[in-house]
Amino acid sequence: MEKSEERKFEEKRIEKVKKEIERQLNTITSYSGDLKTDVVHLRKTFWDDVTVNIENDEDAVETLASIKQQAEMLSERERTHGQLHKRFKTLSRLKDAPYFGRIDFREDGEKDKDIVYLGISSLMDEKQENFLIYDWRAPISSLYYDYSPGYAKYETVEGSIEGSMLLKRQFITKNGRITSMFDTGVTIGDELLKEVLGNNASTHMKTIVATIQKEQNALIRNEKSRYLIVQGAAGSGKTSAALQRVAYLLYRHLHDLTAENLMLFSPNPLFSSYVGTVLPELGEDNVKQTTYREYIEKEIGGRFKIENPFKQLEYVLTYEENDFYEAKLAGIQYKATLSFQKLIDSYIDHLKEQDMIFKHIRFRGRMLIHAVKIKAYFYSLDSSISIPNRINLVVQWLLTELSKKEREEREEEWALEESELLETEDYVNVYDQLQREEAFSENTFNDFEREQKRLSRKIVKKYFKPLRAAVKKLKFIDDVALYKQLFKVNGLPVPHDWEKIKAYTLKNLRKKHLPYEDTAPYIYFLGKLQGQRRNLLVQHLFIDEAQDYSPFQLMLFQELFPRCQMTILGDKNQAIYAHAMNGETLLSPTLYNKEEREEMTLLKSYRSTREIVEFTKPLIQEGEKIEPFNRRGPKPVVSVVDDSFHHRRIADYVKGFIDKGHTTIAIICKTTRESREAYEKLESLFHVQLMDEETYSFQKGTIILPVYLAKGIEFDAVIVYDASSHKYEKEFERNLFYTACTRAMHELCICSRGPVSSFIQQANQDTYREE
């Protein structure tokens with residue numbers, strides 16, 4: 001077939017597919033309209049169709065069955081309507097871009113070839129006999145991502161299917177029309193990637209199903225290992241691939257897995273918003289997203305005011321002259337380690353024998369059960385029983401003790417006095433209850449006394465209810481005092497700088513302030529004390545920017561989600577928190593069971609132009625291994641200016657970027673403090689937004705933000721606000737600088753107020769130009 005004939009064939013076919021999509025959309029519109037009317041009618045007339053009769057047990061059972069039947073009918077109609085609405089949205093997306101690829105595959109031993117068109121969702125013909133489009137997650141679709149024409153195979157539940165790929169064709173479609181098509185001998189042709197990557201950055205992450213690379217496809221479809229650890233270079237598409245992995249798992253385990261069974265830990269709310277549209281664009285419900293900060297605040301509750309991770313980072317970067325700086329830094333690094341976990345375990349063993357701390361149980365300002373008595377009962381139990389199990393036995397004992405105290409309180413004067421102040425309705429209820437119990441007779445003379453006792457019992461029970469609830473919630477354990485005591489007990493295996501760590505920690509705990517580095521240890525300690533609150537609903541956990549989690553935090557995830565598979569993604573060269581200084585990386589073999597882990601490395605960078613990647617490679621260890629995608633652009637600019645001209649130079653760069661059509665421009669600062677200073681100086685020169693840790697989304701335009709909020713996000717152009725030697729000089733600041741530079745897709749400008757950082761001096765001078 002001639003090239004022009006092939007083009008005509010493909011254009012004719014896509015029109016045919018669009019007509020079928022339109023037909024199905026019309027069918028859904030018609031049917032769902034009737035269904036919606038039916039649902040509304042059912043809701044309005046729900047009780048009209050239910051016969052309510054509770055005269056006797058038989059009638060009551062019949063009534064309940066009638067209600068259940070009506071509720072199930074309504075639920076089924078609503079569920080069907082929801083599924084149709086979801087399918088309608090997917091078909092609407094298919095209408096604009098029905099498919100992005102085609103493969104012709106002949107299975108060994110077969111005469112005919114299979115012609116497979118790939119899109120974001122499957123589509124059958126009108127008779128529901130043949131696939132017009134295959135879902136990109138279908139087993140056969142993996143051929144498109146993994147093979148060039150020639151020998152190829154794919155996996156199914158029955159085993160491997162081998163054969164020959166006869167053709168691989170890629171399409172670029174816009175508004176339902178093919179704008180270009182080309183046959184390729186590689187996984188994804190450079191033409192398609194350049195088309196996609198050359199566009200402007202978006203305020204939301206884009207789906208990458210049309211451009212998934214072979215190594216990314218292996219990440220997406222991996223189901224072998226409990227722990228899949230992905231070390232990916234900046235811009236290697238690890239986060240995008242992880243989200244496609246979510247979509248793949250939901251497709252692969254359609255009947256066993258829902259979005260409720262998956263959870264994503266994001267670095268910050270801004271990032272959560274940035275990735276929030278990927279799954280809906282693929283026709284899937286969003287998974288639960290949270291940040292570590294949100295999660296720990298929920299777990300710890302109101303016991304402390306908790307330092308957030310950004311405040312900790314700000315302190316490390318800006319408060320070096322503070323008297324407690326060294327102690328803070330030593331504490332951050334030690335409390336990140338599994339050595340601190342062992343220290344807590346030793347302390348728990350100590351508590352099995354002595355030094356448990358309980359709270360008094362008080363009632364109306366009086367001592368009801370003394371803490372000493374609770375402690376005595378706790379240590380009277382067999383010491384071979386674990387602390388959480390002994391605590392459960394203490395709970396049962398305390399509830400029994402409260403029952404005794406409750407009976408005694410009924411005779412107290414306060415209860416009798418309160419019984420005389422009740423509403424008339426309470427008296428009537430008690431009287432009716434006594435009547436039903438046949439406690440009255442016409443000749444009794446103590447009716448009032450019986451009634452008053454019943455009212456006293458009711459009053460005391462009401463006041464004791466919160467006491468019982470508090471006991472069941474283990475409020476009688478003084479866990480705050482117990483955690484403080486950890487830093488006072490002698491004989492535990494402590495590090496050499498323990499004294500200064502102890503002093504700083506106790507100073508904060510006394511003020512009910514929990515340092516961020518103590519959050520994971522504190523939750524772990526609570527679990528060992530009370531029994532770990534494990535999440536058994538979540539079957540697959542995704543941890544992004546994992547290089548910013550400490551070994552202790554990663555271990556805690558394994559405790560909290562014991563039945564989970566985990567996808568752990570990060571880049572050790574973007575580890576910016578203090579615990580990572582000379583510490584273990586996300587790849588450390590000590591963090592995961594050897595038999596259950598699998599490691600993947602993504603070295604090809606797609607976000608930035610070749611010029612930007614070549615500039616940033618020397619900034620990091622093993623940077624020479626990073627392979628840039630061959631998309632060209634201008635060299636990064638290094639601009640050294642004095643203070644008086646600094647902000648005017650930045651304004652000129654911003655104007656130049658806007659004139660070139662760039663729609664997302666980031667001025668990246670080292671800290672929040674520097675971001676606010678920059679905003680005050682620049683807001684009068686051009687329109688700019690300031691973003692901080694409370695920002696949940698951003699619009700197109702020019703923004704100022706600290707580098708730790710820019711993690712995982714990309715921009716058309718980036719201006720590093722100040723890369724002078726006094727800003728980026730310490731070795732642990734290297735990753736901050738690298739992270740800032742690698743946010744740029746098309747252009748990078750680095751401003752310096754005075755001599756430049758030594759990091760820039762380490763770059764190859766041929767990779768940038770000076771202004």
Side-chain angles (χ1 to χ4, degrees), residues 142 146 155 212-234 236-249 252-253 256-257 261-267 287 292 295 336-342 345 520 523-524 527 532 534-575 577 579-580 582-604 621-622 625-626 712:
S142 66
D146 289 341
E155 302 296 330
I212 292 169
Q213 302 296 292
K214 183 174 182 178
E215 66 273 17
Q216 294 168 337
N217 192 47
L219 185 167
I220 290 166
R221 295 174 189 258
N222 184 300
E223 294 192 66
K224 296 181 290 184
S225 305
R226 182 178 177 192
Y227 303 113
L228 179 61
I229 301 113
V230 182
Q231 160 61 35
S236 58
K238 52 188 177 294
T239 301
S240 297
L243 291 167
Q244 320 299 313
R245 176 168 170 75
V246 171
Y248 171 76
L249 290 170
R252 174 76 174 78
H253 303 281
D256 304 316
L257 205 63
N261 303 128
L262 296 98
M263 181 182 283
L264 170 65
F265 273 85
S266 300
V287 298
Y292 176 75
Y295 195 85
T337 67
L338 299 185
S339 296
F340 191 44
Q341 178 203 0
K342 292 184 176 68
D345 289 340
I523 293 172
Y524 177 78
Q532 198 64 268
R534 293 180 166 88
N535 188 320
L536 302 179
L537 176 65
V538 175
Q539 297 179 35
H540 207 122
L541 195 67
F542 292 78
I543 304 172
D544 205 0
E545 301 293 341
Q547 74 280 349
D548 290 334
Y549 291 89
S550 70
F552 204 127
Q553 289 170 324
L554 291 172
M555 177 278 299
L556 182 65
F557 282 129
Q558 295 174 43
E559 288 270 327
L560 297 175
F561 300 92
R563 295 184 182 175
C564 254
Q565 284 187 292
M566 296 187 189
T567 302
I568 301 164
L569 312 113
D571 178 9
K572 61 185 179 182
N573 293 308
Q574 295 183 64
Y577 287 93
H579 66 73
N582 305 315
E584 295 180 286
T585 73
L586 74 157
L587 300 174
S588 173
T590 63
L591 300 180
Y592 321 95
N593 187 314
K594 183 179 178 181
E595 288 72 30
E596 295 182 306
R597 62 171 274 158
E598 182 174 350
E599 233 176 78
M600 297 185 69
T601 303
L602 304 178
L603 290 173
K604 193 161 186 177
Q621 290 184 352
E622 300 182 343
K625 294 182 179 179
I626 297 173

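Below, each value reflects all heavy atoms present in this structure, side chains not excepted, and no hydrogens, waters or symmetry copies. For clarity, every value in this text was computed on a predicted model and none was experimentally measured.
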Criterion salt bridge (charged side-chain N to carboxylate O under 4.0 Å, His left out) on Glu215 and Lys604, from CA distance to verdict: CA-CA 10 Å; Glu215 66 273 17; Lys604 193 161 186 177; over 6 Å; no

Backbone of Ser236 reached by a side-chain donor or acceptor of Gln216 within 3.5 Å: yes

Whether Arg226 side chain and Cys564 backbone form a donor-acceptor pair below 3.5 Å: yes

Counterpart residues, side chain to side chain donor-acceptor pair (under 3.5 Å), relative to Tyr577 (two or more places apart): none

Side-chain donor-acceptor pair present, Thr567, Arg245, cut-off under 3.5 Å: yes

Side-chain donor/acceptor of Gln565 to backbone N/O of Ser225, under 3.5 Å: yes

Any donor-acceptor pair under 3.5 Å from Glu559 side chain to Met555 backbone: no

Phe561 and Tyr295 aromatic ring geometry - parallel, tilted or perpendicular at 30°/60° bounds: tilted

Donor-acceptor contact present, side-chain Lys238 to main-chain Leu569, <3.5 Å: no

Test item: side-chain donor near acceptor, Asn222 and Tyr248, under 3.5 Å: no

Donor-acceptor pair, side chain of His579 and main chain of Thr337, under 3.5 angstrom: no

Heavy-atom donor-acceptor pair, Ser550 side chain to Gln553 backbone, under 3.5 Å: yes

Minimum heavy-atom distance between Tyr292 and Phe265, given as atom pair plus value: N-CD2, 3.8 Å

Side-chain heavy atoms of Gln231 within contact of Asp571, under 4.5 Å: yes

Under the ring pair (Phe, Tyr, Trp, His ring centres under 6.0 Å) test, residues paired with Tyr592 that sit two or more places apart: Tyr227

Contacts of type ring pair (Phe, Tyr, Trp, His ring centres under 6.0 Å), residue Phe542, not counting sequence neighbours: His540

Test item: Gln558 side-chain N/O and Leu591 main-chain N/O as donor-acceptor pair under 3.5 Å: yes

Beyond-backbone contact of Val246 with Leu264, side-chain heavy atoms, under 4.5 angstrom: no

Arg534 CZ: over 12 foreign heavy atoms closer than 6.0 Å: yes

